[in-house]
Amino acid sequence: MDNLDWKNLPFGYVKTDYNVRCYYRNDKWGELEISSSEYINLHMAATCLHYGQEAFEGLKAFRGKDNRIRIFRCDANARRMHETALGVKMAPVPPELFKKAVHTAVKMNAHYVPPYGHGASLYIRPLLIGSGAEVGVKPAREYYFMVFVSPVGPYFKDGFKPVDIMVCRDHDRAAPLGTGCYKVGGNYAASLTSLELAHHKGFSTTLYLDPKEKKYIDEAGPANFFAIKNNTYITPESKSILPSITNMSLQQLCSDLGMKVEKRQVPFEELSTFEEVGACGTAAVITPVRKIVDPDTNRIYEYCTDGKPGPVSTRLYNKLVAIQNGDDPDTHGWVEFVE
Ligand SMILES: Cc1ncc(COP(=O)(O)O)c(C=O)c1O
């Protein structure tokens with residue numbers, strides 16, 4: 001794609017040539033179809049439109065120096081979508097079908113996978129919706145699974161830089177025992193007001209607290225929270241947060257480095273004791289946090305006081321990006337090649 005400015009691509013939708021689709025009807029999945037249309041034909045009573053039977057995933061493909069295309073942790077995303085589907089009573093996509101659909105979508109659009117060295121990648125968006133018509137509140141009998149892709153630019157256009165985030169107590173993105181641990185659209189709709197509020201106030205995202213007691217840290221906008229203290233990687237254990245695949249990967253890298261990993265409730269007061277704080281997810285890998293501002297108490301928790309990301313966050317970021325791009329060996333079997 002000679003006409004794409006890889007370095008300045010936004011994190012947004014860019015039309016590609018093909019997407020793949022598959023129907024679930026009469027209790028079984030059909031054949032994978034390749035489409036060049038960006039549109040779907042949907043019944044107006046489809047359960048995804050009324051009752052939120054909708055699941056999605058987000059993963060990326062990278063082009064290495066060797067020109068080969070690598071998909072990062074496709075199997076983990078397949079498993080998470082399976083869990084989400086069960087969580088909102090949808091027909092789960094078998095992992096082999098998920099993998100085939102993702103690989104086909106990437107392969108068919110291979111020339112949209114950005115060249116090595118620009119920090120850009122191909123974002124992959126699997127989507128599962130209840131397509132069967134129902135009026136009563138119940139699961140659909142028919143489902144539609146799609147995968148489309150879109151080239152996206154580097155998340156940090158000016159380099160890996162710390163951001164400021166704002167504590168949010170007036171909104172929750174999920175209920176204590178609700179759907180926060182699933183990747184369903186409703187959680188994102190629930191987060192839009194608080195995210196916009198944070199953006200208006202000049203913050204990059206919101207810091208959500210546990211929705212039951214507001215005593216513990218939950219998530220940092222659409223990303224997991226982690227902190228570094230005493231050579232330990234600390235990340236919240238909570239029923240209302242999405243199990244981030246980036247977070248799982250960072251935990252593994254920390255263990256590899258001989259660091260301690262603690263997945264546990266993280267009391268809000270502990271913020272003042274951390275050496276480094278960050279948000280992690282597919283979009284940016286790691287977003288280092290410079291300041292956490294609590295608008296209710298006017299308290300400010302500061303990290304990266306020299307304006308630079310902390311050493312552990314930097315090391316983890318560089319290591320994960322190197323594995324994704326094929327610059328470092330993939331010792332955990334996280335990468336699948338598109339052949
Ligand atoms: C709410 C939420 N938390 C965390 C994450 C990070 O998850 P992952 O690392 O799998 O992208 C995401 C992004 O997918 C998210 O939407």
Side-chain angles (χ1 to χ4, degrees), residues 11-12 52 54-62 71-84 87-88 98 102 121-128 147 149-150 152 155 163 165 168 171-176 178-195 198 204-211 216-227 233 235-254 261 263 266 277-289 313 316-317 319-321 323-324 332 334-336:
F11 191 83
E54 187 268 2
F56 68 102
E57 270 305 327
L59 63 164
K60 282 178 171 176
F62 305 85
I71 302 176
F72 188 67
R73 304 209 69 172
C74 183
D75 54 345
N77 283 274
R79 275 199 297 279
R80 191 169 65 185
M81 186 176 244
H82 202 278
E83 291 300 308
T84 299
V88 290
F98 184 97
V102 165
S121 56
L122 188 74
Y123 184 73
I124 307 164
R125 172 53 61 85
L127 175 67
L128 172 66
V147 179
V149 298
S150 183
V152 293
Y155 195 84
V163 302
I165 67 176
C168 173
H171 296 91
D172 295 312
R173 61 175 286 284
T179 56
C181 57
Y182 304 126
K183 205 159 166 69
V184 292
N187 298 340
Y188 297 82
S191 73
L192 292 176
T193 302
S194 48
L195 275 179
S204 124
T205 197
T206 44
L207 182 64
Y208 294 109
L209 305 183
D210 81 275
Y216 305 98
I217 312 286
D218 238 11
E219 289 205 89
N224 274 185
F225 174 97
F226 74 88
Y233 180 96
T235 193
E237 171 91 72
S238 160
K239 286 220 166 23
S240 50
I241 67 177
L242 188 76
S244 154
I245 291 159
T246 313
N247 194 355
M248 280 160 40
S249 312
L250 295 175
Q251 289 170 44
Q252 181 63 56
L253 294 181
C254 285
V261 173
K263 198 168 172 220
V266 181
V277 161
C280 62
T282 295
V285 179
I286 286 177
T287 308
V289 171
S313 302
L316 292 173
Y317 175 83
K319 180 71 189 168
L320 197 59
V321 168
I323 295 171
Q324 291 175 331
H332 296 289
W334 289 341
V335 162
E336 289 177 9

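All values derive from a computational prediction rather than experimental measurement. Each ligand, and each atom within it, is numbered from 1 in the order the structure gives.
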Backbone N/O of E57 and side chain of R125: donor-acceptor pair under 3.5 Å:
yes
Do the side chain of N224 and the main chain of S244 share a donor and acceptor less than 3.5 angstrom apart?
yes
State, with a plain yes or no, whether a side-chain heavy atom of S194 is found less than 4.5 Å away from one of Y208.
yes
Do the ring planes of F11 and Y123 sit parallel (below 30°), tilted (30 to 60°) or perpendicular (above 60°)?
perpendicular
Is the backbone N or O of I241 less than 3.5 Å from a side-chain atom of D218, with the two atoms forming a donor-acceptor pair by type?
no
In order of chain and number, which residues sit within 4.0 Å of ligand 1 by heavy atom?
R80, R173, K183, Y188, E219, P222, A223, N224, L242, S244, I245, T246, C280, G281, T282
Result of checking V147, I124, I245 against L59 for side chain to side chain contact (heavy atoms under 4.5 Å, CB included):
I124
